[in-house]
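Here the structure is a predicted model, which is why all the values come from computation and not from measurement.
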Amino acid sequence: MQEGRDAGAVRLDDPWYDALASGWGELDGTGVPATPAPETAGGEPRHSATDIYQEVQRSAAFQEVRSRYRRFVVPATAAFFVWYVAYVVAAIAAPGVMARPVAGAVNVAMVAGLGQFLSTFLLTWAYARHARLRRDRDALDLRWTVFDRTRSKEPVEAGETARGNER
């Protein structure tokens, strides 16, 4: 609990507070949080930011970005986890093997332990490279789509991006 602050005195008009940025939680003049009603433009109801995000999430472009992410992350995580568990199990179950000298005072356990650090850095590099080459451009297009749609409150068509279907 925070000292010197009453729970009711915490301000929610922080510009970084997402609910207020989308219009949720603002007071309606009577002291009660209001739910924003969909505005109309040209006689048609305008889509809320939530609707736009959900439409983008259901789009083929978003699903492809998520699929590319999962195709890298799931096998990489599994491989790293197996490598880590193998190191721990070997350290516990085969101390004789881990104590074998490799070069001077350096033994198998030290080499495998340093290999854990090396594999972490390599995996980080591979993840960043995969993201840069296979996901970042499409994710940026999706971000611009959301930005454009939330500004204009237009519906998003399946598979549409801010730059159009260039590919």
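Counting heavy atoms from C-beta outward, Ser59 and Leu142 have side chains that approach closer than 4.5 Å. Within the 4.5 Å cutoff, no side-chain heavy atoms of Asn107 are placed close to those of Arg100. Side-chain contact between Phe62 and Arg58: absent, with no pair of heavy atoms (C-beta onward) separated by less than 4.5 Å. Looking only at side-chain heavy atoms (C-beta outward), Arg68 and Asp138 come within less than 4.5 Å of each other. The side-chain heavy atoms of Trp125 and His130, taken from C-beta on, include no pair separated by under 4.5 Å.
The distance from the CD1 atom of Ile52 to the OG1 atom of Thr145 is 11.0 Å, given to the nearest 0.5 Å. From Leu122, atom CG reaches atom CZ of Phe117 across 13.5 Å, with rounding to the nearest 0.5 Å.
Ring geometry for Phe147 against Trp144 counts as perpendicular: the plane angle is over 60°, on a 0 to 90° scale with 30° as the lower cut.
Neither Val111 nor Leu114 shares a network with the other; the hydrophobic side chains, linked directly or stepwise wherever heavy atoms of I, L, V, M, F, W or Y lie under 4.5 Å apart, form separate groups for each. Follow the hydrophobic side-chain contacts under 4.5 Å out from Val106 and you reach Tyr87 in the same cluster. No continuous path of ILVMFWY side-chain contacts below 4.5 Å connects Val82 to Val73, so the two sit in separate hydrophobic clusters. Residues Leu133 and Val65 are members of separate hydrophobic clusters, defined by side-chain heavy-atom contacts under 4.5 angstrom among Ile, Leu, Val, Met, Phe, Trp and Tyr. Residues Phe81 and Val74 do not share a hydrophobic cluster, clusters being chains of Ile/Leu/Val/Met/Phe/Trp/Tyr side chains in contact below 4.5 Å.
Ion pair Arg135/Glu64 not flagged as a salt bridge, since none of the NZ, NE, NH1 or NH2 atoms sits closer than 4.0 Å to an Asp/Glu carboxylate oxygen.
Within 6.0 Å of atom OH in Tyr69, 12 or fewer heavy atoms from other residues, nucleotides or ligands are found, so the atom counts as exposed in its surroundings. No more than 12 heavy-atom neighbours from other residues, nucleotides or ligands sit within 6.0 angstrom of CZ on Arg143.
Listed for the Ser67 side chain is no donor-acceptor partner under 3.5 Å among the backbone atoms of Gln63.
Nearest heavy atoms, Met98 versus Ala112: CE-CB, 4.4 Å. The two residues Trp83 and Ser119 come nearest to each other via the heavy atoms NE1-OG, 2.9 Å.
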